[in-house]
2 protein chains.
Amino acid sequence: MSYCDTCVIRNQAICSALSTEELSALNGIGRRRELEPGESLMWEGDDSLLVANVIDGVLKLSTGTEDGREQIVGVVYPSDFIGRPFGATSSQNVTALTNARVCIFSRSDFDAFASQHPALEHKLLQRTLSELDRTRRWMLLLGRKNAEEKLATFLLEMADRLGTEANGTISFDLPFSRQQVGDVLGLTIETVSRQITRLKKEGVIDLPSRRAVTILDRQSLEDRAG
Amino acid sequence: MSYCDTCVIRNQAICSALSTEELSALNGIGRRRELEPGESLMWEGDDSLLVANVIDGVLKLSTGTEDGREQIVGVVYPSDFIGRPFGATSSQNVTALTNARVCIFSRSDFDAFASQHPALEHKLLQRTLSELDRTRRWMLLLGRKNAEEKLATFLLEMADRLGTEANGTISFDLPFSRQQVGDVLGLTIETVSRQITRLKKEGVIDLPSRRAVTILDRQSLEDRAG
DNA sequence: CGCCGACTTGAAGAATTTCAAGGTGTGTGG
DNA sequence: CCACACACCTTGAAATTCTTCAAGTCGGCG
């Protein structure tokens, strides 16, 4: 009996490339770990000692300057892969935003296993290529969009990832604090707050609680997203 | 006699994963193409019909908004790989900045070939992972650095990529116009110009001609890079 | 009830953009 | 060979956006 047998992301994660026997071999070198919000799994600049699959929860990838400015460079969800295989150092911090469960492997074990399983590497390549595309599209937001466009784009992305629809509106709970939204968008917390408040005042969104968002007028958000 | 036999990037590009026979098979599905500055090889949103290796020259990857704002999301040099294998659409424009030579493959041919050559996919995976790391680090610059830090970081990167050292100074020719530097850094052309002029006035760099840069005080640039 | 952290709001300040000229260098045609 | 046009770059001044600094407010929890 292996963890993988009951794994909910078994068919979405890169593991889906493997046969039952191969999976059981992979299971042998992996182990589960739970993370609490704020807990980190890797640190920027550290040796790349492990890689992992996200089973449940949301985590952020971030980098920072010496003087404490931070930029969130990626957000990962269940079935996403984290860590840097085939490389000596981690180039980002990986930190849980919510309670999270991950399936971790020592990097050397994973590298060896992957090198012998081309189908797994193929899945990982596809994932990495998509992630690179998504990351590059985000650069347009960071470099060229203003605060309103940034917030609108961000809320639409969150809605697509996390939203549930009910009678024409889309609702979700943000896995981010206001400061973290700022760290994703390259804005200060105050600018984020003002833009969100403004969207609410103008009837585009509703804010049932601090972390909850309801999109009332998706079209308007799209118009504002640039 | 194949193109590959005399190819100068033969041992740096992903082709280095292949044996002589495999290389000759790859050679059979590829062809050379020359590009002039400003000429594009792919367009954002178009079907992904080809992929390529850069043999010579410098090319930019860019995305834009509908209203004409542009963001350069990557710069590629000899031996780099371009295009989107295993995906339906290109998510960036690819445009030559200098005269360039590339070795192009139809995407479907390349996908089929790669799927049968795990060592090639492995190289491509490593390259893509490094590129993703580099791209994410650049996001810190776009989201959190000010104009001076952006220019200093940019000039240091150019120096590392293109610079030649001579009695304590590093010189190179920028493959970018001022506008394009702005498109890389998320700044206007005027801000770029002012920052560059300021670095010159303060004796950190010299500008022998419009495109030429000499770094006189690397340490000062590093201090300003944040 | 009151404290604390997270968030909001306001006012002032700074950085960057925008708008508008003014240079500079290169190539072309007279 | 000079003059001119054109593209690219620089510079200045005003406008705008975003940040910074400084109070408030809100909601949960001891």
Side-chain angles (χ1 to χ4, degrees), chain A residues 36-38 65 67-71 97-98 140-155 173-202 204-213 224 226, chain B residues 36-38 60 65 67-72 97-98 140-155 173-202 204-213 224 226:
Chain A
E36 302 194 342
T65 57
D67 61 343
R69 286 172 284 177
E70 181 172 330
Q71 177 66 46
L97 294 172
T98 63
L140 177 64
L141 173 143
L142 290 176
R144 291 302 190 195
K145 291 190 178 182
N146 65 26
E148 182 182 31
E149 292 170 324
K150 284 180 175 180
L151 258 298
T153 307
F154 174 78
L155 291 173
D173 271 10
L174 281 176
F176 302 100
S177 69
R178 294 287 185 271
Q179 178 60 60
Q180 287 166 343
V181 176
D183 292 341
V184 172
L185 300 177
L187 296 171
T188 59
I189 184 174
E190 294 94 335
T191 301
V192 170
S193 181
R194 279 188 255 269
Q195 291 295 333
I196 289 188
T197 304
R198 184 158 151 239
L199 288 171
K200 177 178 176 168
K201 275 188 188 142
E202 297 182 2
V204 181
I205 61 172
D206 191 25
L207 302 169
S209 77
R210 284 188 168 177
R211 293 290 186 108
V213 178
R224 292 162 197 254
Chain B
E36 303 195 340
K60 65 172 181 169
T65 56
D67 62 343
R69 286 172 284 177
E70 182 173 330
Q71 178 66 45
I72 294 179
L97 293 173
T98 63
L140 177 64
L141 173 143
L142 289 176
R144 291 302 190 195
K145 290 190 177 181
N146 65 26
E148 182 181 32
E149 293 170 323
K150 284 180 175 180
L151 258 298
T153 307
F154 173 78
L155 291 173
D173 271 10
L174 281 176
F176 301 101
S177 69
R178 293 288 185 271
Q179 178 60 60
Q180 288 166 342
V181 175
D183 292 340
V184 172
L185 300 177
L187 296 171
T188 59
I189 185 176
E190 294 93 336
T191 301
V192 170
S193 181
R194 279 187 255 267
Q195 291 294 333
I196 288 188
T197 305
R198 183 158 151 239
L199 288 171
K200 178 179 175 167
K201 276 187 188 143
E202 297 182 3
V204 181
I205 60 172
D206 190 26
L207 303 169
S209 77
R210 283 187 168 177
R211 293 290 185 107
V213 179
R224 291 162 197 254

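Below, chain A is the first sequence line, B the second, and so on; all start at residue 1. The figures here come from the full heavy-atom set of this structure, side chains too, leaving out hydrogens, waters and symmetry mates.
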What distance separates [X] [atom1] from [Y] [atom2], expressed to the nearest 0.5 Å?
| X | Y | atom1 | atom2 | result |
| --- | --- | --- | --- | --- |
| A/Asp173 | A/Thr98 | CG | OG1 | 11.0 Å |
| A/Leu142 | A/Lys150 | CG | NZ | 6.0 Å |
| B/Leu140 | B/Glu149 | CG | CD | 9.0 Å |
| B/Ile196 | B/Leu155 | CD1 | CG | 6.0 Å |

Rounded distance in Å - [atom1] ([X]) to [atom2] ([N]):
| X | N | atom1 | atom2 | answer |
| --- | --- | --- | --- | --- |
| A/Arg198 | C/dG10 | CZ | C1' | 16 Å |
| A/Ile189 | C/dT8 | CD1 | P | 8 Å |
| A/Leu185 | D/dT19 | CG | P | 10 Å |
| A/Asp183 | D/dT19 | CG | P | 12 Å |
| B/Lys200 | D/dC9 | NZ | C1' | 12 Å |
| A/Leu207 | C/dA6 | CG | P | 18 Å |
| B/Ile196 | D/dT10 | CD1 | C1' | 11 Å |
| A/Lys150 | D/dC18 | NZ | P | 8 Å |

Are any non-hydrogen side-chain atoms of [X] and [Y] less than 4.5 angstrom apart?
| X | Y | answer |
| --- | --- | --- |
| B/Phe154 | B/Leu174 | yes |
| A/Ser177 | A/Arg211 | yes |
| A/Leu185 | A/Thr191 | no |

Item checked: Criterion salt bridge (charged side-chain N to carboxylate O under 4.0 Å, His left out) on A/Arg198 and A/Glu202, from CA distance to verdict -> CA-CA 6 Å; A/Arg198 184 158 151 239; A/Glu202 297 182 2; 3.2 Å; yes
Note to self: For D/dT11 and B/Thr197 - does any side-chain N or O of the residue sit under 4.0 Å from the phosphate oxygens OP1/OP2?
What the structure shows: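 True: B/Thr197 side-chain N/O within range (under 4.0 Å) of D/dT11 OP1/OP2.
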Notebook entry, point to check: How does each nucleotide of nucleotides 11-17 of chain C score, in 5' to 3' order, for protein heavy atoms under 4.0 Å: base (B), sugar-phosphate only (S), or none (-)?
Noted result: B----SB
Note to self: So if I define the base as every atom that isn't primed, P, OP1 or OP2, how would nucleotides 23-30 of chain D read as a B/S/- string at a heavy-atom cutoff under 4.0 Å?
What the structure shows: ---B----
Notebook entry, point to check: Ion pair present between B/Asp183 and B/Arg69, side-chain N to carboxylate O less than 4.0 angstrom?
Noted result: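 A salt bridge is absent here (no side-chain N lies under 4.0 Å from a carboxylate O).
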Next item on the list: Indicate yes or no: does A/Arg194 engage A/Glu148 in a salt bridge with an N to O separation below 4.0 Å.
Entry: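 No, no charged N to carboxylate O under 4.0 Å.
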Notebook entry, point to check: Minimum heavy-atom separation for A/Thr188 to B/Arg144, with atom names?
Noted result: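 Closest pair (atom of A/Thr188, atom of B/Arg144, distance): N-NH1, 4.4 Å.
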Next item on the list: Take the C1' atoms of the five end pairs on each side of the helix from C/dC1-D/dG30 to C/dG30-D/dC1, derive the two axes, and give their angle rounded to 10 degrees.
Entry: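 The end axes of the helix from C/dC1-D/dG30 to C/dG30-D/dC1 are about 10° apart, to the nearest 10°.
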Check: What nucleic acid atoms does A/Ser177 come within less than 4.0 Å of, heavy atoms only: base, sugar-phosphate, or nothing?
Finding: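 The answer is sugar-phosphate, as A/Ser177 gets under 4.0 Å only of primed atoms, P, OP1 or OP2.
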